[in-house]
Engineer: 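Below is one structure. I have some questions about it.
Here, residue 1 is the first one in the sequence, and each next residue gets the next number.
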Amino acid sequence: MEGISKVPSHVSIIMDGNGRWAARRGRERVYGHSEGVESVRACVEAACEAGVKYLSLFAFSEENWGRPQEEVGTLMELMMEAIRNEIEKLRGQGIRFRVLGNLSRLSPKLVEAIRGAELRTMPPEGKEPVLTLVVFLSYSGKWDILEAAKSLARKYASDPEAVESLSIQDFDNYLVTAGIPDPDLVIRTSGEQRLSNYLLWQCAYSELLFTDTLWPDFRKEDFFRALAEYAGRDRRYGKVK
Ligand code: FPP
């Protein structure tokens, strides 16, 4: 990984194509998901090497609860296993781990493991993590915006005039991503070209990159290739240069 001139601070990935990857091999969909964990490891490594500060991954959407129970169960188990097996390694590397989404829908055991892992990987006071790894679980963009709006409505119920002075930055602070910069680059694998209710508010000015590569095949070289393409993009934020 050399010569990448403009490294994004936050890279976000919609990991897609696990089921198709498995089907092409005549295997069950869950085989694709477990191979997808290898791609997660590879991208974490690549992000650290490249100097990316935030890597976020769309692991399970609110809509994914509608998948067959067996598949949902396997995905939750994979998450639990990944926490059990990887968290000490992440901690050793100075990586902060966070999980964001509607966690009220997860099993209490998984929530406990998540909260424990978040605490274990919290950097000591005054120390910046090498990388913050954010996993979006049971997440949807519309849910996030609605919850923020509800919190604000509750907060300002007795002072409706104060609502007029709310800024976009104020609203940012009510989203689950409060304190995390918006993604600079969003990658979606498997050839699909949509956001699928992902970070709708936060992706307002993200660069979008779609690749045909299926998630289990997406490894370090693909990550670096995406960073190289990002480096060539001209971000104008609606202005003229
Ligand atoms: C989309 O592929 C992928 C998912 C819904 C799950 C992604 C989860 C992992 C890679 C494993 C757990 C993650 C972590 C962070 C440990 P799909 O099933 O929609 O594929 P298809 O479109 O080909 O059916």
Engineer: Count I, L, V, M, F, W, Y as connected when their side-chain heavy atoms are under 4.5 Å apart, and connections chain through other members. Are Leu100 and Leu57 then in the same cluster?
Structural biologist: no

Engineer: Enter the distance from Ser190:OG to Ile14:CD1 here, rounded to the nearest 0.5 Å.
Structural biologist: 9.5 Å

Engineer: Are the side chain of Asn102 and the backbone N or O of Ser138 linked by a donor-acceptor pair below 3.5 Å?
Structural biologist: no

Engineer: Looking only at non-hydrogen atoms, find the nearest pair between Ile187 and Ala226 and report the distance.
Structural biologist: CD1-CB, 3.6 Å

Engineer: Is there a path from Val11 to Trp201 through hydrophobic residues (I, L, V, M, F, W, Y) whose side chains come within less than 4.5 Å of each other?
Structural biologist: no

Engineer: Do you know which two heavy atoms are closest between Gly179 and Tyr54, and how far apart they sit?
Structural biologist: O-OH, 4.1 Å

Engineer: Taking the side chain as C-beta and beyond, is there a heavy-atom pair between Tyr230 and Leu209 under 4.5 Å?
Structural biologist: no

Engineer: Looking at Ala162 and Ser165, what are the two nearest heavy atoms and their distance?
Structural biologist: O-OG, 2.9 Å

Engineer: Indicate if Tyr139 and Met80 have the same hydrophobic cluster label, given that clusters are the connected sets of ILVMFWY residues with side-chain heavy-atom separations under 4.5 angstrom.
Structural biologist: no

Engineer: Just checking, Arg24 and Trp21: is the charged tip under 6.0 Å from the six-membered ring centre and within 45° of the axis?
Structural biologist: no

Engineer: Would you call the rings of Tyr237 and Tyr205 parallel, tilted or perpendicular if under 30° counts as parallel and over 60° as perpendicular?
Structural biologist: tilted

Engineer: Are any side-chain N or O atoms of Thr213 and backbone N or O atoms of Thr189, one a donor and one an acceptor, separated by less than 3.5 Å?
Structural biologist: no

Engineer: Tyr174 and Ala148: which non-hydrogen atoms are nearest, and at how many Å?
Structural biologist: O-CB, 3.5 Å

Engineer: Shortest non-hydrogen contact from Pro183 to Ser206?
Structural biologist: O-OG, 2.7 Å

Engineer: Any side-chain to backbone donor/acceptor pair from Arg188 onto Arg194? Under 3.5 Å, distance only.
Structural biologist: yes

Engineer: Holding to salt bridge (Lys or Arg N to Asp or Glu O under 4.0 Å), I want the full list of residues that pass it with Arg233, two or more places apart in sequence or in another chain.
Structural biologist: Glu207, Glu229

Engineer: Given Arg235 and Asp184, is the side chain to side chain contact (heavy atoms under 4.5 Å, CB included) satisfied, shown in steps?
Structural biologist: CA-CA 10 Å; Arg235 301 184 79 187; Asp184 299 294; 3.0 Å; yes

Engineer: Ile145 versus Leu200: any side-chain heavy-atom pair under 4.5 Å?
Structural biologist: yes

Engineer: Decide yes or no for Ser9 and Val52: does some side-chain heavy atom of the first lie under 4.5 Å from some side-chain heavy atom of the second?
Structural biologist: no

Engineer: Please answer whether the main-chain N or O of Arg96 pairs with a side-chain N or O of Thr132 as donor and acceptor at a distance below 3.5 Å.
Structural biologist: no

Engineer: From Leu214 CG over to Asp16 CG, what is the distance, rounded to the nearest 0.5 angstrom?
Structural biologist: 8.5 Å

Engineer: Is there a side chain to side chain donor-acceptor pair (under 3.5 Å) between Glu62 and Asn197? Walk through the geometry before answering.
Structural biologist: CA-CA 9 Å; Glu62 281 276 77; Asn197 208 356; over 6 Å; no

Engineer: So does Ala178 get a backbone contact from the side chain of Asn173, meaning a donor-acceptor N/O pair under 3.5 Å?
Structural biologist: no

Engineer: Working to the nearest 0.5 Å, report the span between CG of Leu131 and SG of Cys48.
Structural biologist: 4.5 Å

Engineer: Salt bridge or not for Asp222 and Lys220, using N-O below 4.0 Å?
Structural biologist: no

Engineer: Would you say the side-chain atoms of Ser12 pair up with the backbone N or O of Val186, donor to acceptor, closer than 3.5 Å?
Structural biologist: no

Engineer: If Ile, Leu, Val, Met, Phe, Trp and Tyr residues are connected whenever their side-chain heavy atoms lie under 4.5 Å apart, and connections chain through other members, are Leu78 and Phe136 in the same group?
Structural biologist: no

Engineer: Please confirm whether the backbone N or O of Ile180 pairs with a side-chain atom of Thr177, one donor and one acceptor, at under 3.5 Å?
Structural biologist: no

Engineer: Name the one of Arg29, Glu28, Met76 that satisfies side chain to side chain contact (heavy atoms under 4.5 Å, CB included) with Glu71?
Structural biologist: Arg29

Engineer: If I take atom CG from residue Asp234 and atom CZ from residue Arg236, how far apart are they, to the nearest 0.5 angstrom?
Structural biologist: 5.0 Å

Engineer: Parallel, tilted or perpendicular: which one describes the rings of Trp215 and Phe218, with boundaries at 30° and 60°?
Structural biologist: parallel

Engineer: Measure from the side-chain N and O atoms of Asp144 to the backbone N and O of Val176, and report whether any donor-acceptor pair falls under 3.5 Å.
Structural biologist: yes

Engineer: Applying the side chain to side chain contact (heavy atoms under 4.5 Å, CB included) criterion to Ser56, which one of His10, Arg98, Gln202 satisfies it?
Structural biologist: His10

Engineer: Are the aromatic rings of Phe58 and Tyr198 close, with centres under 6.0 Å apart?
Structural biologist: yes

Engineer: Could you measure the distance from the CD atom of Glu86 to the CD1 atom of Ile95? Nearest 0.5 Å is fine.
Structural biologist: 10.0 Å

Engineer: Can you give me every donor-acceptor pair (side chain of residues 113-122, partner residue at least two apart or in another chain, under 3.5 Å) with its distance?
Structural biologist:
{"unit_1": "Arg115", "atom_1": "NH1", "unit_2": "Glu118", "atom_2": "OE1", "d": "2.7"}
{"unit_1": "Glu118", "atom_1": "OE2", "unit_2": "Val99", "atom_2": "N", "d": "2.7"}
{"unit_1": "Arg120", "atom_1": "NE", "unit_2": "Glu88", "atom_2": "OE2", "d": "3.0"}
{"unit_1": "Arg120", "atom_1": "NH2", "unit_2": "Glu88", "atom_2": "OE1", "d": "2.9"}
{"unit_1": "Arg120", "atom_1": "NH2", "unit_2": "Glu88", "atom_2": "OE2", "d": "3.2"}
{"unit_1": "Thr121", "atom_1": "OG1", "unit_2": "Phe97", "atom_2": "N", "d": "2.9"}
{"unit_1": "Thr121", "atom_1": "OG1", "unit_2": "Ala117", "atom_2": "O", "d": "3.0"}
{"unit_1": "Thr121", "atom_1": "OG1", "unit_2": "Glu118", "atom_2": "O", "d": "3.4"}

Engineer: Return the set of residues passing salt bridge (Lys or Arg N to Asp or Glu O under 4.0 Å) with Lys142 (not counting sequence neighbours), or none when no residue passes.
Structural biologist: none

Engineer: Please step through salt bridge (Lys or Arg N to Asp or Glu O under 4.0 Å) for the pair Glu192 and Arg20, ending with a clear verdict.
Structural biologist: CA-CA 12 Å; Glu192 309 292 354; Arg20 277 164 283 168; 3.2 Å; yes

Engineer: Report, as yes or no, whether the 6.0 Å neighbourhood of atom CD on Glu38 holds more than 12 heavy atoms from other residues, nucleotides or ligands.
Structural biologist: yes

Engineer: Taking all non-hydrogen atoms of both residues, which atom of Val130 and which atom of Lys53 are closest, and how far apart?
Structural biologist: O-NZ, 3.2 Å

Engineer: Could you walk me through whether Ser140 and Glu63 pass the side chain to side chain contact (heavy atoms under 4.5 Å, CB included) test, one step at a time?
Structural biologist: CA-CA 8 Å; Ser140 92; Glu63 292 77 14; 4.1 Å; yes

Engineer: Check the pair Leu55 / Val44 against side chain to side chain contact (heavy atoms under 4.5 Å, CB included), numbers first and verdict last.
Structural biologist: CA-CA 7 Å; Leu55 174 66; Val44 169; 4.0 Å; yes

Engineer: Give a yes or no on whether Val7 and Leu133 share a hydrophobic cluster (residues Ile, Leu, Val, Met, Phe, Trp, Tyr; joining criterion: side-chain heavy atoms under 4.5 Å apart).
Structural biologist: yes

Engineer: May I ask you to test the Met15-Val40 pair for a side-chain heavy-atom distance under 4.5 Å?
Structural biologist: yes

Engineer: Working to the nearest 0.5 Å, report the span between CZ of Arg67 and OG of Ser61.
Structural biologist: 7.0 Å

